[in-house]
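Chain letters run A, B, ... following the sequence lines, proteins first and then strands; every chain starts at 1.
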Amino acid sequence: DTGVSQDPRHKITKRGQNVTFRCDPISEHNRLYWYRQTLGQGPEFLTYFQNEAQLEKSRLLSDRFSAERPKGSFSTLEIQRTEQGDSAMYLCASSSHLAGVDNEQFFGPGTRLTVL
Amino acid sequence: DAKTTQPPSMDCAEGRAANLPCNHSTISGNEYVYWYRQIHSQGPQYIIHGLKNNETNEMASLIITEDRKSSTLILPHATLRDTAVYYCIVRVAMDSSYKLIFGSGTRLLVRP
């Protein structure tokens, strides 16, 4: 399967712990996005990378959140000192600049985080 | 800040057309309308997008009103596998790319 993959698919943690999620985009895609989806709501944009550069961050991304894409391939999203309000599905998407401006974002299956 | 408004739920009979409405009265002139759907426990899946003109692909048709304040997604012959949450989305430009601003979605139930 050559789609976007995310690991782990599920994560249960205790409040105050740190967690890290990984996203592997489609191999030729240089653009990578993170979204967050809470129960019953549509996804909300968090941040965007073009290659290794983080070009946009939502105000939803508090200072407890950090995202990296060190070699322009996979990305990690870390949440420090987790809070119960961080419980959500974290979705990763990728797209290719080669297809022009109108290209679609391909989403992975998401990582569901539960903070107890 | 959601830019789209959709009914929370709809249903239709299998084999009939499903018409999903969306209001986006504050959309700007260069912002596209996208539709994605999400089946339980999966990531959103792209369906179709458009700017001004009506669009059609193998999955659906998109009808955008002339004033661009609303649109309708049409699934011409709904099947049970089309049961999902359908999101009407405004695409907003940012540095070298764009972000998708999702609404709350319409839960479509296709009845046998």
Subject >> Plane angle bin for B:Phe102 and A:Tyr35 - parallel if under 30°, tilted between 30 and 60°, otherwise perpendicular >> reply: perpendicular
Original post:
When only pairs under 4.5 Å are counted, which of B:Pro8, B:Ala93, B:Ser97, B:Ser41 shares the most heavy-atom pairs with chain A?
Top reply: B:Ser97
Subject >> Under 4.5 Å from any heavy atom of chain B - which part of A:Gln6 >> reply: neither
Original post:
Mind checking whether B:Tyr36 and A:Phe107 have parallel, tilted or perpendicular rings, split at 30° and 60°?
Top reply: perpendicular
**OP:** Under 4.5 Å, counting heavy-atom pairs only, tell me which of A:Pro43, A:Gly42, A:Pro109 racks up the most with chain B.
**Re:** A:Pro43
Original post:
Any ion pair linking A:Glu83 and A:Arg15 (charged N to carboxylate O, less than 4.0 Å)?
Top reply: no
Original post:
Is NZ or CZ of B:Arg91 both nearer than 6.0 Å to the six-membered ring centre of B:Tyr32 and within 45° of the ring axis?
Top reply: yes
Subject >> N-O pairing of A:Arg22 and A:Asp7 below 4.0 Å >> reply: no
Subject >> Residue A:Gln50 versus chain B: region with a heavy atom under 4.5 Å >> reply: side chain
Original post:
Contact part of B:Gln45 toward chain A, heavy-atom cut-off under 4.5 Å: side chain, backbone, both or neither?
Top reply: neither
**OP:** Can you tell which part of A:Arg9 gets under 4.5 Å to a heavy atom of chain B, answering side chain, backbone, both or neither?
**Re:** side chain
